[in-house]
Every structure is written in structure tokens, then in C-alpha cells.
Number of protein chains: 2
Amino acid sequence: MSAYTEFTERTIEYTKLLSDFKQLLKANGLKFTIQREVILEMLYNSDEHLTPEGLHHLIQQKHSELNTGIATVYRTLSLLENSEMVTSLSFGAQGKKYELGAKDHHDHIICTQCSHITEFVDEQIESRQKEITKSLGFVMQEHSMQIYGICKNCQEKTKK
Amino acid sequence: MSAYTEFTERTIEYTKLLSDFKQLLKANGLKFTIQREVILEMLYNSDEHLTPEGLHHLIQQKHSELNTGIATVYRTLSLLENSEMVTSLSFGAQGKKYELGAKDHHDHIICTQCSHITEFVDEQIESRQKEITKSLGFVMQEHSMQIYGICKNCQEKTKK
DNA sequence: GTCGCTGCAAAGTCTTTGCAGAGAG
DNA sequence: CTCTCTGCAAAGACTTTGCAGCGAC
């Protein structure tokens, strides 16, 4: 029988991530700047799925000396996304949220009341997706799944 | 064993849909206008998942005499979405696409080359989703799944 | 006739781009 | 030194809103 698990572990060390990033930059003739490092670090240290605006806000709080512009955040996120170091998620809400792509693949279950996102992965569904894709004649590249519901916390809140 | 099927059938007649819509409007003290009818009709007759802009364009072509404004399209789509008569999808691309919610639940497989969307439904995945949600302590409201890949057509194109 | 609806244009969001000075390599 | 980055502000894309006249009921 297959296992599904609440998925919260980082699967990569920050040091490794940083050196990957530096290598990526070098390989493309790009420069390693403080702003880029801070953005990566914030993404790494945040448990949340961040919006560009939220990320910018966080950076202004923790590294106000840099006075980082929102445009740089957008530019760096695009860069990271194109390099497949981060993944963007667009759920119903407007705007995208970003997460580090360095984690293993996983799906999301989103609370419609508090917007909290729980991650999980289920082998049975994963393998079934592959079967279906093949049957429909597609070559699978990626997939994503979201379940929307009300989390335990919010269920209890409502009862009171 | 469970079945997955390419999902293309309408499960509702237009007449029924229209009368549901009229009833919805009446129940909320809203008016039935030609613009609203045309928007519903376009959504019904289109096999595509339409963007607001695409829908507007289509209406201008087929019913140029109405000179329908894009704002009306947005307003009607919101109305229909809030009433759960249409569902909005937001895949990676910017902007939302809309589809009639009158069909049964189904998932999407999207070609990353031609953007064509194929719909399917799989009982095994559906039931597994319910199990997982329950185990994580959530009350499930909805869910959506997207697979991204390259469709048969585009695979052949690339070979040539 | 009343009150909601519509098109238009203006205003809002969110994101991208142009530019000149700053900074990494 | 060179060539990329950055912050700023302006421009873009997409969506929402205010308003005055229009039209469903």
C-alpha cells in the first residue's frame, strides 16, 4: 500500500542551494548580488508560499539597509523560475505565489478560510497520473494538484 | 477497477441551463438581459476554456450589434462564478480562463506547446483525494488537478 | 415608472520595462 | 574597466468602479 505524508521537510541544505545558484549565475554570465542572495535566503527560510509583494515586504523589514525595489524581486523570481529553482503557484486568488523548487515534488491542500497551505505527497495518485497521461497520448512534463477545504483549526474556530 | 475517461460530453441541455440562469437572476432581484444571455450562450457553445478577453472578442464577432463592453463580460463572469454556474481556472499563464460549471467535475491535462486542454476524470484519484483530505483533518470543499505535457499532435509536429 | 444594467472612461492592481548611476568580476 | 544590476518611475496588462443614460419588469 502506498503512503501519503504531510510534507514539510527541506530536502536540500542552504549551502548547496546557494552554490547551485552561484553556478547558475556564472554559467549564464550573470552576477551574484546581495539582493539576489537575500531573495534566495528569504525563500529558503520562509515556510510560507510567498507572493512577490510579501517577499518584498519581508526583505524591507529584515534588510532595510538594502532598500530593495519590487522590480528586483520580480526580476529575480523570473530568473529563478526560468531556471527551475523556484516554482510559481497560481491558485484562485489573484497573483502568484512562489516556493523553492528544491523540495521534492508535492501537492497542496489549501484552507479556504485561513489560506494556510499544507503540503503532501501520495504515491498512489502520482502513479495513477502517469498512467492516465500515457493513455491519453501525452508526454508528461509536470503536474499539480490542489485540494481546497477547511483545516482543523478553522473548523474548531467556527464551532465556538 | 476504476475508469478514467476523456471527458467531453455536456451533461446539461442549454434550455435547462438558461432556465436555471433566469431563476437565479429572479431569485436575486436581477434582470435578464440580452448581454447576459449571449455570454451564457457563448460559454455553452465554446469547447474552449475562454478568457474574459477571448469571450468579449467572440461576442463582438457574433453579436456586433450589441456592442458589448468588456466590463459587462467581467461583471457577468463574476456573477456566474459567484453563483457557481461557471468555474474559473488559473493555470500558470496570466489571467483566468472560465468554463461552464454545469459539467460534472473533471480534471485537466494541458499541452504546454499548443495550450490545448483535454479534460478527464479518474475515480481512483477522486477517492484517494477524499481519503487524504480526511486524514489531514480537513473538510474537503473542492479540488483541482492539472497535468502538463505535450499532446500527441505536438509530439508528431516536433518529429517532422 | 422604478431600479438594475450597460458602455464608456477613469481608476486600481499587479507586473514589466527604460534609463542612468552603482557595483560585481 | 566592462557590462550587468539596481532603484526609480513610467508604461503595460488585466480587472474593477463611477456615472449617466437605457431598458427589463
Side-chain angles (χ1 to χ4, degrees), chain A residues 18-19 21-42 49-61 63-83 86 88-98, chain B residues 18-19 21-42 49-61 63-83 86 88-98:
Chain A
L18 190 59
S19 88
F21 186 37
K22 285 184 180 173
Q23 193 178 340
L24 165 77
L25 293 172
K26 185 171 276 181
N28 290 281
L30 303 175
K31 290 175 178 173
F32 180 72
T33 63
I34 301 177
Q35 287 84 348
R36 285 176 177 167
E37 176 171 14
V38 166
I39 288 169
L40 189 70
E41 188 198 321
M42 293 288 132
H49 294 70
L50 293 166
T51 59
E53 199 183 1
L55 183 52
H56 181 231
H57 202 82
L58 206 58
I59 292 169
Q60 288 198 314
Q61 286 186 320
H63 294 274
S64 52
E65 76 283 3
L66 291 178
N67 198 6
T68 308
I70 186 91
T72 298
V73 174
Y74 275 105
R75 282 185 285 229
T76 304
L77 284 173
S78 294
L79 172 64
L80 289 167
E81 191 177 8
N82 292 333
S83 317
V86 307
S88 71
L89 311 166
S90 49
F91 304 130
Q94 59 203 74
K96 289 184 186 177
K97 289 187 172 184
Y98 291 82
Chain B
L18 190 59
S19 89
F21 187 36
K22 285 185 179 173
Q23 192 177 339
L24 165 77
L25 293 172
K26 185 171 276 182
N28 291 281
L30 304 174
K31 289 174 179 173
F32 180 73
T33 64
I34 300 177
Q35 286 84 348
R36 286 176 176 166
E37 176 170 14
V38 167
I39 289 169
L40 190 70
E41 188 198 321
M42 292 288 133
H49 293 70
L50 294 166
T51 59
E53 200 183 0
L55 183 53
H56 181 229
H57 202 83
L58 206 58
I59 291 169
Q60 288 198 316
Q61 286 186 322
H63 293 274
S64 52
E65 77 283 3
L66 290 179
N67 197 6
T68 308
I70 186 90
T72 297
V73 174
Y74 276 105
R75 282 185 284 228
T76 304
L77 284 173
S78 295
L79 171 65
L80 288 168
E81 192 177 7
N82 291 333
S83 319
V86 307
S88 70
L89 310 166
S90 48
F91 304 130
Q94 58 204 77
K96 289 184 186 176
K97 289 186 172 186
Y98 291 81

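Just so it is clear, the values below take in all heavy atoms, side chains as well, and ignore hydrogens, waters and symmetry mates. In this text the structure is predicted, and so the values were computed from the model without any measurement. Just so it is clear: chains get the letters A, B, ... in the order the sequence lines come, proteins before strands, and each one is counted from 1.
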Rounded off to whole Å, could you give me the [atom1]-to-[atom2] distance for the [X] and [N] pair?
X	N	atom1	atom2	answer
B:L25	C:dG4	CG	P	13 Å
B:L40	C:dC5	CG	P	16 Å
B:I59	C:dT6	CD1	P	11 Å
B:H63	C:dG7	NE2	C1'	18 Å
B:R36	D:dC25	CZ	C1'	13 Å
B:H56	D:dT15	NE2	C1'	13 Å
B:N82	D:dT16	CG	P	10 Å

### Query
Would one find more than 12 heavy atoms of other residues, nucleotides or ligands at under 6.0 Å from atom CD of B:E53?
no

Is the shortest heavy-atom distance from the side chain of [X] to the side chain of [Y] under 4.5 Å?
X	Y	result
B:L50	B:Y98	no
B:F21	B:L80	yes
A:F32	A:L18	yes
A:L79	A:L25	yes

### Message
Can you see if the side chain of A:N67 gets near the phosphate of D:dC8 - specifically, an N or O under 4.0 Å from OP1 or OP2?
### Response
yes

### Query
So, is B:Q35 near the phosphate of D:dG23, with a side-chain N or O under 4.0 Å from OP1 or OP2?
no

#### Entry: Contacting residues from residues 72-81 of chain B, given that a heavy atom lies under 4.0 angstrom of DNA chain C
B:T72, B:R75

### Task
For A:T76 and A:T72, indicate whether the former's side chain and the latter's backbone hold a donor-acceptor pair under 3.5 Å.
yes

### Query
Can you tell me if A:H63 uses its side chain to pair, donor with acceptor, with the backbone of A:V38 under 3.5 Å?
no

### Summary
The complete set of side-chain hydrogen bond (donor to acceptor under 3.5 Å, both in side chains) pairs with one or both residues in residues 31-41 of chain B, sequence neighbours excluded, reads none

### Task
Assess whether side chain to side chain contact (heavy atoms under 4.5 Å, CB included) is satisfied between B:Y74 and B:L55, documenting all intermediate values.
CA-CA 10 Å; B:Y74 276 105; B:L55 183 53; over 6 Å; no

### Query
Start at the 5' end of DNA chain D and walk down; is the nucleotide closest to A:L66 or to A:G29 reached first?
A:G29

### Task
Report the residue (A:E53 or B:A71) whose heavy-atom-nearest nucleotide on DNA chain C is the more 5′ of the two.
B:A71

### Query
With the sugar-phosphate defined as primed atoms, P, OP1 and OP2, and the base as all remaining atoms, what B/S/- string results for nucleotides 20-25 of chain C, 5' to 3', for protein heavy atoms under 4.0 Å?
---BBS

